[in-house]
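No hydrogens, no waters, no symmetry mates; every other heavy atom, side chains included, goes into these values.
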Amino acid sequence: MASNSTKSFLADAGYGEQELDANSALMELDKGLRSGKLGEQCEAVVRFPRLFQKYPFPILINSAFLKLADVFRVGNNFLRLCVLKVTQQSEKHLEKILNVDEFVKRIFSVIHSNDPVARAITLRMLGSLASIIPERKNAHHSIRQSLDSHDNVEVEAAVFAAANFSAQSKDFAVGICNKISEMIQGLATPVDLKLKLIPILQHMHHDAILASSARQLLQQLVTSYPSTKMVIVSLHTFTLLAASSLVDTPKQIQLLLQYLKNDPRKAVKRLAIQDLKLLANKTPHTWSRENIQALCECALQTPYDSLKLGMLSVLSTLSGTIAIKHYFSIASGNVGSSPRSSDLVRLAQECCYHNNRGIAAHGVRVLTNITVSCQEKDLLALEQDAVFGLESLLVLCSQDDSPGAQATLKIALNCMVKLAKGRPHLSQSVVETLLTQLHSAQDAARILMCHCLAAIAMQLPVLGDGMLGDLMELYKVIGRSATDKQQELLVSLATVIFVASQKALSAEVKAVIKQQLESVSNGWTVYRIARQASRMGNHDMARELYQSLLTQVASEHFYFWLNSLKEFSHAEQCLTGLQEENYSSALSCIAESLKFYHKGIASLTAASTPLNPLSFQCEFVKLRIDLLQAFSQLICTCNSLKTSPPPAIATTIAMTLGNDLQRCGRISNQMKQSMEEFRSLASRYGDLYQASFDADSATLRNVELYPKQQQSCLLISHAIEALILDPESASFQEYGSTGAAHADSEYERRMMSVYNHVLEEVESLNRKYTPVSYMHTACLCNAIISLLKVPLSFQRYFFQKLQSTSIKLALSPSPRNPAEPIAVQNNQQLALKVEGVVQHGSKPGLFRKIQSVCLNVSSTLQSKSGQDYKIPIDNMTNEMEQRVEPHNDYFSTQFLLNFAILGTHNITVESSVKDANGIVWKTGPRTTIFVKSLEDPYSQQIRLQQQQAQQPLQQQQQRNAYSRF
């Protein structure tokens, strides 16, 4: 499997393959299509989706679909069925068909066949193409005609096509609505066909009149046909129509609640609950208090656990939305009503201790959401109920290894984290419960409980010290076997210990972890624990673990990767010896750290491969090296005030030049250079952030985490400006909000604390003393030491990429050879077409999605040819930008470029993306082509004629010159 994935990655990345392979692959498949053997033809057809995935550009897809249409036209029904399946699998590529008319013409020719199966396949094919031919009247007519067919297969195909066209075309939906209505109400239509026709009505939402008529029809059906199947299909279609049209959602909720309450059939009740859940997820704001109250009454009265579970799942969904606040805000307005006395709370309290785990989990979730969202003071009893319910559920599920118990346990643990965050005073009892239960729980449950403890300790670090003793006791007794669960538990427990210890690990904790890991033969477990240590800033522990793994890897790239991590951890460990006021020691610590960083970056470069270039890691480490060098240089600059004080005439020079800073001597220029260097570093950190579109939310939380390094640079540059260069105009307001941001990790909290402390020191010095004194330089040096004493956190994106997004561009016209220029006449403009495909990994859109792609096209003159004419500056360069929204991961646009100057021009096309929050990310790629601007023939002819006319005149002038002598 690894080899297959590597092969596909190579193919997608373009390593070792030429672009012409797309044509050769198409020719191979075409050869199979022309084969006389049916098996080879079918094999060629079913291989087309892989070709589309590999080469997703219109020129190939258009050719391929036209070939498939030919097969559909002349082949047998089995081949047609294969083409239909390929078309349905490749739905996202259909809009790339350029010759839609020709393609549809070849497909549509089969609709006139005498074979009803062939007509049925054609109808399904047309239905699958509805997104690109929504308004084709001949297709509409064929569908209407086939609905009256006497062949069941053809009628079912017509129903499928009608549903697809109704979803895409308003005209078709309006025209077919009456036809569907007549067929459903007609006595001659079989019941099973009616059941298939009714779902078409869910697409009648294109305007209010159409939706209203479809709703009236469905209302008649529900009343006229009370059989279970008809009611279920009609009600579900009713719900989907209401969810799409959005107008009648409150009426639909009331109707579903009515059936849930009054209809005795369990199947109908289940359908009503399922649809209520759909509406609760999609439109929670349309639920009134009466709706929630009616649902609570039904849940309290029903004797069936399965129905109660469904109703509680709807209520638990609503309890996490605005509907619950609306419910209690209205309830609190009634006399004698309070959150504690409502039916919803009573239902949740009853269900918390139910013998069905699912019901208990939903009851606890409802209680937790009410406790967190309702901020009244008199909810003490409700809080206790929520805590006790969570404890009982934890005890029940932690002893069971079944998948159902684990799913329930996840719900309970999520509620615990939410409760600890929303009501911090309850967190102590929650943590104590978890630690107590951790000793007796099953391994699978222990892993989940460790994740919960880590999440709580990250939010409330105060609780970390209290956990450490219990966690160490547990760590000593686990891990005796090498099962997967035990290995996972070792990693989870180690993570909680790193979070709980907050700062440096004690020698005893390190000894216990290493002793346990020595008995574990799984190197992957050791690596994961070392990775967590690097993320939490425990670099001494991480270095020892990386060192132990160096000899256990089979690839030299892995060896260099581990060696680089070891060197980085060693470099960061050197900075732990920094002390306030000891600047010479700080310089030696930074120098020692830089030595190991340079070793590490060499190993990291050796670890990179064409498939995995480690660009983010290399850039991040280079920035860290440059930042340490800048810190070291600034400390030396501050020391130069002692070693090279201002000369005695510095004040006179300052007065003469009118620059007050000159009285400080050479340190003023050095400080100015340092400030510019820190601002440059801050800009580079910002560029690194913008290039990290696929980073996880912890790495890029609110433009905050890796820009924490950026903020460090800006902080120091601001301090230099405020203390030395421009004390009067320095403003502290823009930096004062730094500490107000919410911190989600210990690293962020400590950095914010340092920022606030440094800003206070700088502001107080700025008011009291004029620059430059030893107090100013000491303040700068202490700020650097304070920043470096916070251990650097290597975040997840440094080790792991959970989301993968890349853009592949294709330019046309494009030369056969990349080095060859494209010839263009200087009196014409070049129409440059830019097409692109967004490629995703296994988890597309996990953290952020692409909303639009920004394409920037620029051209520069490489070399001139011909005479140097005076041409307006506007004609010398091209600079254009366009935004396009990708559809089905494909986008296309055109640029009109002018090349008036003769010579070779370099065109650069660079893409960046904009996410749903409006943030622009510089993801690339950057593509370059060359254009050669040639003189147009007419101008060339005129110029040659002028030259020929001037030649006799020049010869005559030369003869006259000779005759003088």
Side-chain angles (χ1 to χ4, degrees), residues 239 253 256-257 260 269-302 304-329 331 339-340 342-374 379 382-383 385-394 396-397 404-423 426 430 448 452:
T239 303
I253 293 171
L256 291 170
L257 286 170
L260 180 62
K269 286 179 182 288
R270 284 197 203 97
L271 185 276
I273 290 169
Q274 175 191 326
D275 285 355
L276 285 169
K277 182 77 178 284
L278 186 149
L279 294 174
N281 278 313
K282 190 164 185 181
T283 56
H285 56 282
T286 58
W287 286 68
S288 65
R289 184 179 190 279
E290 290 72 24
N291 297 149
I292 299 175
Q293 185 67 26
L295 192 57
C296 291
E297 289 171 3
C298 289
L300 285 166
Q301 292 167 7
T302 183
Y304 301 109
D305 285 354
S306 61
L307 296 180
K308 184 172 279 191
L309 176 63
M311 294 179 212
L312 272 168
S313 72
V314 178
L315 288 169
S316 71
T317 302
L318 288 171
S319 68
T321 65
I322 195 171
I324 198 71
K325 293 183 179 178
H326 185 60
Y327 177 82
F328 283 115
S329 65
R340 289 179 298 168
S342 66
D343 284 343
L344 180 59
V345 173
R346 188 156 60 87
L347 173 65
Q349 287 169 335
E350 280 183 18
C351 294
C352 277
Y353 306 100
H354 202 280
N355 55 6
N356 184 310
R357 281 193 304 257
I359 292 176
H362 285 304
V364 164
R365 182 189 274 175
V366 171
L367 269 184
T368 303
N369 287 333
I370 292 172
T371 306
V372 171
S373 60
C374 299
L379 288 182
L382 207 57
E383 291 173 358
D385 285 338
V387 172
F388 292 153
L390 286 169
E391 289 175 0
S392 65
L393 201 57
L394 182 65
L396 179 68
C397 296
Q406 297 306 303
T408 307
L409 182 62
K410 282 183 182 177
I411 293 174
L413 294 174
N414 282 332
C415 290
M416 285 183 167
V417 174
K418 193 170 185 179
L419 198 63
K421 187 176 182 179
R423 301 280 180 166
L426 299 176
V430 170
L448 296 174
C452 178

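- Side-chain contact between Arg346 and Asp343 is present, with at least one heavy-atom pair separated by less than 4.5 Å.
- Closest approach of Tyr353 and Gly389 over heavy atoms only: OH-N, 3.6 Å.
- Interatomic distance, NZ of Lys269 versus CG of Leu260, reported as 5.5 Å (0.5 Å rounding).
- Interatomic distance, OG1 of Thr239 versus NZ of Lys282, reported as 11.5 Å (0.5 Å rounding).
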Side-chain donor/acceptor pairs under 3.5 Å, residues 311-318, sequence neighbours excluded:
from   : atom 1 : to     : atom 2 : distance (Å)
Ser313 : OG     : Gly310 : O      : 2.6
Ser316 : OG     : Leu312 : O      : 3.4
Ser316 : OG     : Ser313 : O      : 2.9
Ser316 : OG     : His362 : ND1    : 3.1
Thr317 : OG1    : Ser313 : O      : 2.9

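- Here the CG-CG distance, from Leu256 to Leu276, works out to 4.5 Å after rounding to the nearest 0.5 Å.
- In this structure, the side chains of Gln406 and Cys397 stay at 4.5 Å or more apart for every pair of heavy atoms.
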Do Leu271 and Asp275 pass the side-chain contact (heavy atoms from CB on, under 4.5 Å) test, and can you show the C-alpha distance, the side-chain angles, and the key distance before you say yes or no?
CA-CA 6 Å; Leu271 185 276; Asp275 285 355; 3.4 Å; yes
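- Closest approach of Leu390 to Ala412, counting heavy atoms only: CD2-O, 3.4 Å.
- Nearest heavy atom pair, residue Asn369 against residue Ser373, reads O-OG, 2.7 Å.
- Checked by atom type and distance alone, the side chain of Thr283 pairs as donor or acceptor with a backbone atom of Leu279 at under 3.5 Å.
- Side-chain atoms of Asn355 and Asp305, non-hydrogen and from C-beta on, do get closer than 4.5 Å to each other.
- In this structure, Ser342 OG and Leu347 CG are separated by 9.5 Å, a value rounded to the nearest 0.5 Å.
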Test Leu367 against Cys352 for side-chain contact (heavy atoms from CB on, under 4.5 Å), laying out the working first.
CA-CA 9 Å; Leu367 269 184; Cys352 277; 3.3 Å; yes
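- Using a 4.5 Å heavy-atom cutoff, the side chains of Leu413 and Leu394 are in contact.
- Between the CD1 atom of Ile292 and the CG atom of Leu295 there is a distance of 8.5 Å, given to the nearest 0.5 Å.
- Side-chain contact between Leu344 and Ile324 is present, with heavy atoms from C-beta onward closer than 4.5 Å.
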Show your reasoning for whether side-chain contact (heavy atoms from CB on, under 4.5 Å) applies to Val387 and Glu391.
CA-CA 6 Å; Val387 172; Glu391 289 175 0; 3.5 Å; yes
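- Counting heavy atoms from C-beta outward, Gln293 and Tyr327 have side chains that approach closer than 4.5 Å.
- The shortest distance between side-chain heavy atoms of Phe328 and Val345 falls below 4.5 Å.
- Side-chain polar atoms of Asn356 and Lys308 form no donor-acceptor pair below 3.5 angstrom.
- Nearest heavy-atom pair, Ala348 versus Gly363, reported as atom, atom and distance to 0.1 Å: CB-O, 3.7 Å.
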Let me see the working for Asn291 and Thr286 under side-chain contact (heavy atoms from CB on, under 4.5 Å), right down to the final yes or no.
CA-CA 10 Å; Asn291 297 149; Thr286 58; over 6 Å; no
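- Note that CG of Leu409 is 10.0 Å distant from CG of Leu396, once rounded to the nearest 0.5 Å.
- Side-chain atoms of Arg423 do not come within 3.5 Å of backbone N or O of Glu383 as any donor-acceptor pair.
- Proximity of Leu382 to Gln349: side-chain heavy atoms (C-beta onward) are separated by under 4.5 Å at one or more points.
- Across all their heavy atoms, Leu393 and Ala361 have their closest contact at CD2-CA, 3.6 Å.
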